[in-house]
Protein chains: 2
Amino acid sequence: MSSAPLQTNGHQAPSQKRNPYAGNLSDYLSRTSNFAIIESTLREGEQFANAFFDTAKKVEIAKALDDFGVDYIEITSPAASENSRQDCATIAGLGLKAKILTHVRCHMDDARIAVETGVDGLDVVIGTSSYLREFSHGKDMDYITKQATEVINYIKSTGLEVRFSSEDSFRSELVDLLNLYRHVDQLGVNRVGIADTVGCASPRQVYELVRTLRGVVSCDIECHFHNDTGCAIANAYAALEAGATHIDTSVLGIGERNGITPLGGLMARMYAADQEYVKGKYNLPGLRDLENLVAEAVDIQVPFNNYITGYCAFTHKAGIHAKAILNNPSTYEILKPEDFGMTRYVSIGHRLTGWNAVKSRCEQLGLELTDAEVKQVTQRIKEAADQGPQGIDAVDRLLRDFHRHIIASRAGSPNSAASS
Amino acid sequence: MSSAPLQTNGHQAPSQKRNPYAGNLSDYLSRTSNFAIIESTLREGEQFANAFFDTAKKVEIAKALDDFGVDYIEITSPAASENSRQDCATIAGLGLKAKILTHVRCHMDDARIAVETGVDGLDVVIGTSSYLREFSHGKDMDYITKQATEVINYIKSTGLEVRFSSEDSFRSELVDLLNLYRHVDQLGVNRVGIADTVGCASPRQVYELVRTLRGVVSCDIECHFHNDTGCAIANAYAALEAGATHIDTSVLGIGERNGITPLGGLMARMYAADQEYVKGKYNLPGLRDLENLVAEAVDIQVPFNNYITGYCAFTHKAGIHAKAILNNPSTYEILKPEDFGMTRYVSIGHRLTGWNAVKSRCEQLGLELTDAEVKQVTQRIKEAADQGPQGIDAVDRLLRDFHRHIIASRAGSPNSAASS
């Protein structure tokens with residue numbers, strides 16, 4: 001269906017043999033093993049209700065993102081305010097490995113200011129939704145095309161990268177959108193952008209639109225997903241499956257309203273698809289510090305259920321889960337906590353506990369018990385836990401007391417001479 | 001492709017005419033406008049690291065879920081502990097509108113205890129992952145089939161509802177899974193269940209598996225998605241698109257590890273697909289209180305970016321977003337805050353602000369200014385905001401001072417006689 005000259009990726013074949021969650025071997029569209037991140041904490045993230053980054057904080061965050069290994073760092077338009085302009089120039093001058101982009105409206109004034117800051121590229125967006133409403137009804141296409149042509153030709157003449165994007169792409173007229181994107185592709189843009197500005201596209205819609213666009217343009221495709229209806233990570237994945245090449249993220253997803261695709265959540269998703277690619281490219285053990293840096297800067301708590309770094313992400317509680325994890329963590333836990341600098345915790349001090357998990361804890365404590373004895377002490381833990389939560393100290397004490405009692409009774413029985 | 005006798009739904013046709021995010025009219029598989037929620041805060045939620053619900057709290061939560069309008073309430077297995085058994089009976093005896101289910105391993109012992117509690121139905125799961133590992137390699141199918149048959153026939157003989165589910169369905173052998181589910185369908189189960197136990201299926205995988213299963217069984221299809229890789233809401237939506245009928249949720253998504261599809265997030269997603277259906281069936285303005293009840297019970301903060309009820313879910317900040325929202329909120333905000341008992345907030349005290357948003361605030365304050373004057377004062381807000389965050393009080397003071405100055409200067413000019 002696609003006529004675009006996509007490269008197949010060396011990473012896919014071996015990982016797909018191992019991993020039932022990876023894409024289909026015959027799926028040449030997929031870029032789930034070969035994608036780039038446009039990290040927008042310093043642009044989209046500045047639109048988060050709580051965000052105010054001074055220059056020093058912006059520099060600190062930019063350096064941390066660069067250390068993590070993001071491909072691009074996108075920063076607020078220099079046209080927003082005088083400090084924004086200065087900060088843009090400052091970050092562009094840091095000499096980071098990541099390319100520095102700024103996000104501007106499709107106006108010559110904004111483009112000129114941006115070019116002068118020394119950034120590596122401009123992410124151009126059709127700037128106002130009122131244009132877009134007319135656009136989506138098929139009006140003003142000539143005006144938009146003319147303005148886009150002027151701005152793109154200007155940016156290209158400076159040698160900088162340029163992306164051209166619409167807003168609210170999923171409610172634009174498909175044919176108008178494809179016409180416009182084919183036009184800017186022919187002008188030589190580096191990327192076209194698809195944006196779910198209102199945050200309510202679904203993965204199958206994303207797959208269809210990106211796959212169609214993939215057949216129309218030869219440039220890269222960048223996607224930007226808001227999370228109002230909970231699909232920002234899944235939509236990013238569907239877009240990559242359909243041939244998108246770049247995904248916009250922010251740390252903890254901060255952005256307008258409840259935000260966009262979170263960097264950490266996307267890492268979790270893509271690690272599941274191609275662990276080696278993600279581990280090889282991004283500094284996964286640095287994720288937690290990066291998130292803490294941004295959370296502190298905007299005065300929020302990392303959500304209890306945050307991907308990878310949330311405090312319960314690797315806590316196993318129910319007996320049947322815990323048993324499986326203890327038998328074979330690599331089979332029953334798709335994210336290896338150690339790859340992210342995290343540790344696994346199997347909770348046993350509650351009434352959902354199971355004897356396999358309790359047995360494992362006994363082994364850790366060096367308490368030798370038969371299976372029948374472990375089942376017996378498990379029952380005692382359940383009884384205690386019915387009265388209230390049991391911390392690990394209380395459970396360990398219970399196990400040690402039980403073991404001491406067992407040893408004592410073995411010492412009194414004829415068959416226990418060989419026991420320790 | 002499907003031979004199952006699916007009903008089309010009266011809700012779909014009108015809403016699809018209005019809503020570009022709804023499914024395709026010709027898509028007879030889709031149940032996005034006709035689904036049921038199996039609310040598992042009192043089962044899956046009890047597997048959350050922090051959860052300990054005493055009897056009174058379980059009853060309070062069950063009543064709150066019933067008031068919200070969930071179709072089913074699933075509670076912890078009575079086989080887990082003595083208090084769990086008593087709580088099961090207590091909740092089954094409350095006389096709620098929601099049907100009460102309990103979740104048991106596929107064992108006769110567990111099934112008998114559960115039936116005696118007075119619940120409306122049993123959610124049976126192949127209880128241990130070690131069985132499943134053998135199952136997924138094609139072994140022990142006879143054993144599983146025999147055990148399932150005995151348990152299902154027993155439950156059916158009591159007149160209760162019965163669901164039969166595997167664990168980790170996405171890594172089971174497809175043909176074995178379909179054989180088993182066809183068999184239990186013929187035994188007359190009410191539902192079969194698909195579970196992404198490790199939390200890493202993607203929406204297109206979910207769609208394919210559920211669509212295939214939809215063609216094999218005639219009973220209902222329940223789906224359970226963990227959120228480790230950020231797809232739990234999107235997977236639920238894809239499952240409904242493919243013909244699944246029941247979705248498992250918990251309040252705030254609490255559960256094993258980082259949890260499952262959150263009730264509130266699913267409401268956001270389904271509201272986007274069919275607003276009238278969701279508003280007609282569930283008490284959306286009650287969502288915030290329900291979430292606060294559960295958050296307090298398990299000692300967590302509602303995440304800053306929570307769907308619908310997070311404190312920034314309806315905060316608009318960037319100038320171009322704010323302008324669109326002020327022009328026409330119903331077009332540019334897919335969730336109407338008032339339907340959830342929430343309010344919209346357009347933030348203007350920052351350097352990303354735009355003059356349309358500032359103009360709107362001036363109108364709210366009764367300050368008459370020309371567009372040129374509003375642009376002038378917007379520039380002053382940006383300058384102030386470059387120095388640090390500006391609260392609404394500071395911005396209002398700045399606007400009033402500016403307006404006073406303008407009035408004074410108009411009074412001194414020949415053309416200002418008619419000004420207020």
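Quick caveat: nothing in here was measured; it's all calculated off a predicted structure. Reminder, nothing fancy here: chain letters follow the sequence lines and each chain counts from 1. Just so it is clear, the values below take in all heavy atoms, side chains as well, and ignore hydrogens, waters and symmetry mates.
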Heavy-atom proximity to chain B below 4.5 Å, by part of [X]:
{"X": "A/Tyr207", "result": "side chain"}
{"X": "A/Asn227", "result": "both"}
{"X": "A/Glu46", "result": "both"}
{"X": "A/Pro203", "result": "side chain"}

Indicate yes or no: at least one non-hydrogen side-chain atom of B/Leu352 is less than 4.5 angstrom from one of A/Thr76.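 A side-chain contact under 4.5 Å exists here.
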Side chains of B/Asn305 and A/Leu252: closer than 4.5 Å at any heavy-atom pair?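 With C-beta onward as the side chain, the pair stays apart.
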Taking [options] one by one, which has the highest count of heavy-atom pairs under 4.5 Å against chain A?
{"options": "B/Pro262, B/Gly255, B/Gly388", "value": "B/Gly388"}
{"options": "B/Asp87, B/Ile233, B/Leu266, B/Leu335", "value": "B/Ile233"}
{"options": "B/Ala49, B/Gly259, B/Gly264, B/Ala236", "value": "B/Ala49"}
{"options": "B/Ala232, B/Pro389, B/Ala79", "value": "B/Pro389"}

Working to the nearest 0.5 angstrom, can you tell me the gap between [X] [atom1] and [Y] [atom2]?
{"X": "B/Ser84", "Y": "A/Arg351", "atom1": "OG", "atom2": "CZ", "value": "4.5 Å"}
{"X": "A/Gln387", "Y": "B/Asp54", "atom1": "CD", "atom2": "CG", "value": "10.5 Å"}
{"X": "A/Asn258", "Y": "B/Tyr311", "atom1": "CG", "atom2": "OH", "value": "11.5 Å"}
{"X": "A/Asn50", "Y": "B/Ser347", "atom1": "CG", "atom2": "OG", "value": "10.0 Å"}
{"X": "B/Ile254", "Y": "A/Phe304", "atom1": "CD1", "atom2": "CZ", "value": "7.0 Å"}
{"X": "B/Ser202", "Y": "A/Arg269", "atom1": "OG", "atom2": "CZ", "value": "5.0 Å"}

Minimum heavy-atom distance between [X] and [Y], given as atom pair plus value:
{"X": "B/Ala385", "Y": "A/Phe52", "result": "O-CE1, 3.0 Å"}
{"X": "A/Lys382", "Y": "B/Ala80", "result": "NZ-O, 2.7 Å"}
{"X": "A/Ala268", "Y": "B/Asp228", "result": "CB-O, 3.6 Å"}
{"X": "B/Asn83", "Y": "A/Asp386", "result": "N-OD2, 2.7 Å"}
{"X": "B/Glu241", "Y": "A/Arg204", "result": "OE1-CD, 3.2 Å"}
{"X": "B/Phe48", "Y": "A/Cys312", "result": "CE1-SG, 3.5 Å"}

Quick one: what part of B/Glu383 sits under 4.5 Å from any heavy atom of chain A, side chain, backbone, both or neither?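 Neither part, no heavy atoms under 4.5 Å.
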Residue selection (most heavy-atom pairs with chain B, distance under 4.5 Å) from A/Ala51, A/Gly265, A/Ser77, A/Ala238: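 Option with the greatest count: A/Ala51.
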